[in-house]
Amino acid sequence: AVYGWEEQSFSYGGFSDLKIRLAGVCQIENAALAVEAVKALREMGWEISEEALRKGLYHTRWKGRFTVLSKDPVLIIDGAHNPGAAKSLRDSLERYFAGKRLFYIFGVFRDKDYREVIRLTADLAEHITAVQTPGSARALPAEELAGVLREYHKNVSCQPDIRKAVEENYRLADRKDDVIIAFGSLSFLG
């Protein structure tokens, strides 16, 4: 497999050099599962061409799952809001951006296991900006979230809204290879 945050390729199930544009290290496993499904459908008599398989894999999108919004600097959104998703996010960040400065914009619902998400991801960050997920009574207030983040990281700020958080992180991420990751809740990523 060849991993990348813009394109990934792999060989599986008798098919070589399959390409996907879904980022995230787990997405190659997911694509392999899709290949298995196509193979099973073929065995059941469905006519699915190799070209259709390749096009389907390559053109699949999943907005909010390690989605690249810009490249200068790299800005990624991810809905990681539970420990399993946080582990996957961490694996992807370590594989794609080792040695790069990472800036987080983080907002969560109070009923999620946000402490474990923070524990799994905080040490990779250069700086973490706490935000409140808008429009929900379940949202953890940014000030309260910042207080918890400070238990795990020394460089934490708090912004009243997502726009200001993005502006702050664009100022902070002033090196060519810096990366901004907004995560914690799919509801605020919209």
Side-chain angles (χ1 to χ4, degrees), residues 5-6 21-27 60-190:
W5 55 272
E6 294 182 278
R21 290 190 288 180
L22 288 172
V25 293
C26 63
Q27 295 304 340
T60 297
R61 293 281 182 269
W62 192 0
K63 291 185 178 179
R65 298 294 183 193
F66 213 87
T67 302
V68 179
L69 293 186
S70 72
K71 296 181 182 177
D72 188 21
V74 173
L75 171 60
I76 293 167
I77 59 172
D78 191 272
H81 64 274
N82 61 49
K87 175 74 170 83
S88 180
L89 174 62
R90 181 186 181 92
D91 290 346
S92 296
L93 294 173
E94 288 179 319
R95 178 169 297 271
Y96 302 141
F97 303 115
K100 309 276 193 249
R101 294 190 323 160
L102 305 179
F103 297 84
Y104 294 171
I105 300 170
F106 185 60
V108 292
F109 289 145
R110 68 172 59 254
D111 58 354
K112 299 297 179 183
D113 188 1
Y114 58 87
R115 280 189 177 274
E116 185 64 5
V117 171
I118 293 167
R119 189 191 70 74
L120 287 165
T121 58
D123 65 304
L124 295 180
E126 178 79 15
H127 182 272
I128 305 173
T129 304
V131 296
Q132 182 170 331
T133 302
S136 175
R138 295 171 49 212
L140 186 65
E143 297 81 13
E144 187 177 338
L145 177 58
V148 175
L149 284 164
R150 288 186 183 105
E151 296 173 25
Y152 296 86
H153 202 283
K154 62 180 181 172
N155 297 325
V156 173
S157 64
C158 179
Q159 288 295 339
D161 62 52
I162 293 162
R163 178 179 297 281
K164 292 202 181 310
V166 171
E167 290 170 357
E168 174 188 52
N169 279 272
Y170 265 78
R171 283 191 305 274
L172 292 170
D174 59 357
R175 295 184 190 167
K176 180 179 175 9
D177 292 336
D178 288 348
V179 180
I180 302 168
I181 305 100
F183 70 103
S185 173
L186 285 170
S187 63
F188 94 77
L189 298 179

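These values consider heavy atoms only, across backbone and side chains, with no hydrogens, waters or symmetry-generated copies.
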With heavy-atom distances below 4.5 Å as the criterion, would you say the side chains of [X] and [Y] are in contact?
X	Y	value
Arg21	Arg61	yes
Ile105	Ile181	no
Phe183	Val108	no
Trp5	Phe97	yes
Glu126	Leu102	no
Leu69	Ile76	no
Leu124	Tyr104	yes
Val166	Arg163	no

Next item on the list: Check whether the ring centres of Phe66 and Tyr96 lie less than 6.0 Å apart, and answer yes or no.
Entry: yes

Tell me, please, which residues at least two apart from [X] pass side chain to side chain donor-acceptor pair (under 3.5 Å).
X	value
Glu116	Arg119
Lys71	Glu6
Tyr152	none

For [X], check salt bridge (charged side-chain N to carboxylate O under 4.0 Å, His left out) against everything at least two apart and list the hits.
X	result
Arg110	Glu144
Arg138	Asp111
Asp113	none

Set of residues satisfying side-chain contact (heavy atoms from CB on, under 4.5 Å) with respect to [X], sequence neighbours excluded:
X	value
Asp72	none
Ala130	Leu145, Ala146, Leu149
Asp177	Lys100

Check: Phe103: what forms a ring-ring contact (aromatic ring centres under 6.0 Å, His included) with it, not counting sequence neighbours?
Finding: none

Next item on the list: Report the C-alpha separation of Asn155 and Ile128 in whole Å, then their side-chain angles, then the decisive distance to 0.1 Å, and conclude whether the side-chain contact (heavy atoms from CB on, under 4.5 Å) test is met.
Entry: CA-CA 6 Å; Asn155 297 325; Ile128 305 173; over 6 Å; no

Name the atoms and distances for all side-chain donor-acceptor pairs under 3.5 Å in residues 83-91, with sequence neighbours left out.
unit_1, atom_1, unit_2, atom_2, d
Lys87, NZ, Asp91, OD1, 2.8
Lys87, NZ, Asp91, OD2, 3.3
Arg90, NE, Glu94, OE2, 3.3
Arg90, NH1, Leu120, O, 2.8
Arg90, NH1, Asp123, OD1, 2.6
Arg90, NH2, Glu94, OE2, 3.3
Arg90, NH2, Asp123, OD2, 3.1

Note to self: Quick check: closest heavy atoms across His127 and Ser157, and the distance to 0.1 Å?
What the structure shows: CE1-OG, 2.9 Å

Note to self: Looking at every heavy atom in both Val117 and Ala80, which two are closest together, and how far apart are they?
What the structure shows: CG1-O, 4.5 Å

Item checked: Of all pairs that satisfy salt bridge (charged side-chain N to carboxylate O under 4.0 Å, His left out), the ones with a partner from residues 150-162, not counting sequence neighbours -> Arg115-Glu151

Note to self: Please check: side-chain N/O of Thr133 versus main-chain N/O of Ala139, any donor-acceptor pairing under 3.5 Å?
What the structure shows: no

Notebook entry, point to check: Any donor-acceptor pair under 3.5 Å linking the side chain of Ser70 with the backbone of Pro73?
Noted result: yes

Next item on the list: Carefully, step by step, assess Tyr170 and Ile180 under the rule side-chain contact (heavy atoms from CB on, under 4.5 Å).
Entry: CA-CA 8 Å; Tyr170 265 78; Ile180 302 168; 3.9 Å; yes

Margin query: Between Asn169 and Thr129, is there a side-chain donor-acceptor contact under 3.5 Å, judged purely by atom types and distance?
Written below: yes

